[in-house]
Amino acid sequence: MSLQGEDPESDKDDIERLAEAEIRLAHFQAEQIRHATTYFGYPEVPENNDLSTLGVSGLARLHLNNAGDPWVHGSAQMHTKEFEREALAFVADLYGITDDYWGYTTSGGTEGNLYGMYMAREYFGAKGEPLVFIYSASSHYSIPKNARLLQLSTRIIECEPSGEMRYDALKETLKEVETTWPERPGLSISLNIGTTMTGAVDQVTRINDVLSEIGWPREKVLIHADAALLGLIYPFIEGNPDLFENGVSSIAVSGHKFAGTIHPCGIFLTKKSLHGQAFGDHWIPYVGTEDTTISGSRNGFLALNLWYVLRKKGRHGLAREARTCIENAEYLTKQLNEMNYPKVSMAPKQNIVVFQKPSDAMIKKYQLAAEGGIAHVVVMQHITRSRIDGFCRDLRKSLDQARFELRQDANTAAVGGGVEG
Ligand SMILES: Cc1ncc(COP(=O)(O)O)c(C=O)c1O
């Protein structure tokens with residue numbers, strides 16, 4: 001019997017196809033390793049040799065599936081839920097909610113944000129109350145996308161030039177919402193713990209002040225923190241207000257950003273009590289677990305990856321890496337200021353340096369994110385001072401080149417003008 005697609009006359013045998021695939025992969029790997037050395041614009045650690053041991057250890061070839069709730073083991077034994085719970089416990093401890101937490105390993109910050117917003121919808125839905133979702137204009141694009149997916153009623157709050165939410169604008173918006181719904185709906189407020197472009201942090205205490213001034217009942221407010229990049233830096237910075245103590249109800253952190261997992265993943269954490277009120281019981285007999293996560297099957301290797309980096313670095317290692325990244329970001333800021341580069345800024349105690357959008361060649365070489373005339377470097381663990389020096393040298397050269405071209409154009413215009421005159 002032969003099936004459709006089988007070709008007995010095929011001129012390539014399996015060995016040839018294998019060789020072609022291997023050669024293509026080798027080329028791809030070489031190219032990616034080259035890109036990793038100039039990966040400056042996005043908040044990831046592009047190459048992590050520490051993880052190679054984990055990657056090639058026989059675990060990478062196993063189908064490890066964390067389907068469903070991290071605390072409920074289904075009938076299948078091939079999962080990494082014990083490791084997942086340890087990783088969650090580590091982050092819950094950092095945020096001081098070890099007595100009352102629930103969470104899971106997500107596919108990334110976007111899914112964590114989606115879950116926080118979904119939980120808010122279900123929480124107020126279970127009480128039969130309407131919900132208004134509030135987010136700032138500097139929020140990551142996953143926030144409005146998720147709001148569309150969940151069909152939430154939304155309000156957008158204007159921001160300061162720094163990217164931080166304007167609290168006076170929040171107050172005005174809440175007054176407007178109250179005019180529309182005098183009964184006052186439930187509010188879900190999205191709190192930026194580090195905006196994507198400038199790293200601005202919204203102050204939960206200022207939001208609380210606005211809520212008290214306007215007398216919005218606290219039981220009608222959930223606050224979701226989008227801490228994709230800064231989630232594992234924020235708790236180490238002295239003076240930062242404790243999020244959960246100040247009324248935050250959930251948080252989303254990306255695992256492949258500051259934590260440094262090689263594959264995209266994330267952590268969603270909330271108070272177990274709130275989660276229970278929002279969702280109740282979702283037992284699924286087929287898999288023998290609770291259907292509490294957005295996707296059913298979940299990649300168990302990601303949880304292992306996350307557990308591994310957190311275990312290996314510990315609080316001490318994360319704090320030390322955070323300090324180095326912030327100091328290196330300050331170093332880059334100083335270098336840019338010394339060359340009088342335009343529009344340089346850096347929000348305090350984080351690792352994003354913003355400056356005027358450079359030449360297309362620089363954007364391409366350093367894979368920079370650019371938006372509205374500005375670009376940024378996210379100073380991650382792989383951006384050492386010598387790489388910063390190399391970046392600044394290239395930037396200086398591109399500035400000199402631009403000035404040279406400007407002078408040439410001016411000269412040509414002057415000569416042309418002379419002829420015409
Ligand atoms: C503030 C913020 N939130 C959410 C995300 C989305 O995270 P992920 O790419 O892990 O889905 C990002 C990504 O850059 C981000 O900067």
Side-chain angles (χ1 to χ4, degrees), residues 39-46 48 87 91 103-118 133-150 156-157 159 162-165 188-204 223-234 240 243 248 250-269 293-295 298-299 302-303 305-306 309-310 325 329 346-347 349-354 367-372 374-381 383:
Y39 195 83
F40 272 50
Y42 296 90
E44 284 99 27
V45 185
N48 191 337
V91 182
Y104 75 99
T105 311
T106 61
S107 59
T110 297
E111 185 182 332
N113 287 339
L114 178 63
Y115 202 93
M117 296 162 70
Y118 173 44
F133 177 70
I134 295 190
Y135 66 98
S136 91
S138 310
S139 296
H140 184 255
Y141 64 86
S142 61
I143 298 284
K145 175 174 67 183
N146 292 339
R148 282 195 301 277
L149 275 170
L150 294 166
I156 306 173
I157 310 299
C159 291
S162 67
E164 185 173 343
M165 176 188 286
S188 168
I189 302 177
S190 185
L191 180 81
N192 280 315
I193 298 296
T195 56
T196 310
M197 208 52 201
T198 60
V201 172
D202 295 334
Q203 297 302 317
V204 65
I223 301 178
H224 170 74
D226 177 2
L229 167 62
L230 289 192
L232 294 174
I233 297 180
Y234 183 95
N240 275 348
L243 293 182
V248 164
S250 56
I251 187 167
V253 184
S254 296
H256 55 290
K257 293 195 168 89
F258 187 70
T261 65
I262 272 304
H263 303 112
C265 65
I267 280 198
F268 172 80
L269 266 188
T293 52
I294 286 185
S295 47
R298 294 184 299 116
N299 187 338
L302 297 181
N305 204 173
L306 199 54
V309 285
L310 296 177
C325 289
M346 176 189 161
K349 299 174 196 162
Q350 50 75 52
N351 58 335
I352 297 181
V353 180
V354 179
Q367 302 161 69
L368 301 179
E371 188 181 283
I374 58 164
H376 71 198
V377 167
V378 187
V379 184
M380 299 297 287
Q381 290 90 329
I383 303 193

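The residues of the chain are indexed from 1 along the displayed sequence. Each ligand, and each atom within it, is numbered from 1 in the order the structure gives.
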| message | I'd like to know if the side chain of Asn351 reaches the main chain of Ala329, judged simply by a donor and an acceptor atom lying under 3.5 Å from each other, with no hydrogens or angles considered. | response | no
| field | Set of ring pair (Phe, Tyr, Trp, His ring centres under 6.0 Å) partners for Phe40, sequence neighbours left out | value | Tyr366, Phe391
| Who pairs with Ser188 by side-chain hydrogen bond (donor to acceptor under 3.5 Å, both in side chains), at least two apart in sequence or on another chain? | none
| field | Non-hydrogen side-chain atoms of Ile143 and Met117 separated by less than 4.5 Å | value | yes
Considering only N or O atoms, set out every pair between ligand 1 and the protein closer than 3.5 Å, with distances to one decimal place.
from: ligand 1; atom 1: 3 (N); to: Asp226; atom 2: OD1; distance (Å): 3.0
from: ligand 1; atom 1: 3 (N); to: Asp226; atom 2: OD2; distance (Å): 2.7
from: ligand 1; atom 1: 7 (O); to: Lys257; atom 2: NZ; distance (Å): 3.0
from: ligand 1; atom 1: 9 (O); to: Lys257; atom 2: NZ; distance (Å): 3.2
from: ligand 1; atom 1: 10 (O); to: Gly109; atom 2: N; distance (Å): 2.7
from: ligand 1; atom 1: 10 (O); to: Ser254; atom 2: OG; distance (Å): 2.8
from: ligand 1; atom 1: 10 (O); to: His256; atom 2: NE2; distance (Å): 3.4
from: ligand 1; atom 1: 10 (O); to: Lys257; atom 2: NZ; distance (Å): 3.3
from: ligand 1; atom 1: 11 (O); to: Gly109; atom 2: N; distance (Å): 3.3
from: ligand 1; atom 1: 11 (O); to: Thr110; atom 2: N; distance (Å): 2.9
from: ligand 1; atom 1: 11 (O); to: Thr110; atom 2: OG1; distance (Å): 2.7
from: ligand 1; atom 1: 14 (O); to: Lys257; atom 2: NZ; distance (Å): 3.3
from: ligand 1; atom 1: 16 (O); to: Thr196; atom 2: OG1; distance (Å): 3.0

| task | Mind checking ring pair (Phe, Tyr, Trp, His ring centres under 6.0 Å) for Tyr118 and listing every partner two or more places apart, or none if nothing turns up? | result | Tyr115, Phe279
| query | Would you say the side chain of Asn192 lies within less than 4.5 Å of the side chain of Ser136, judging by non-hydrogen atoms? | reply | yes
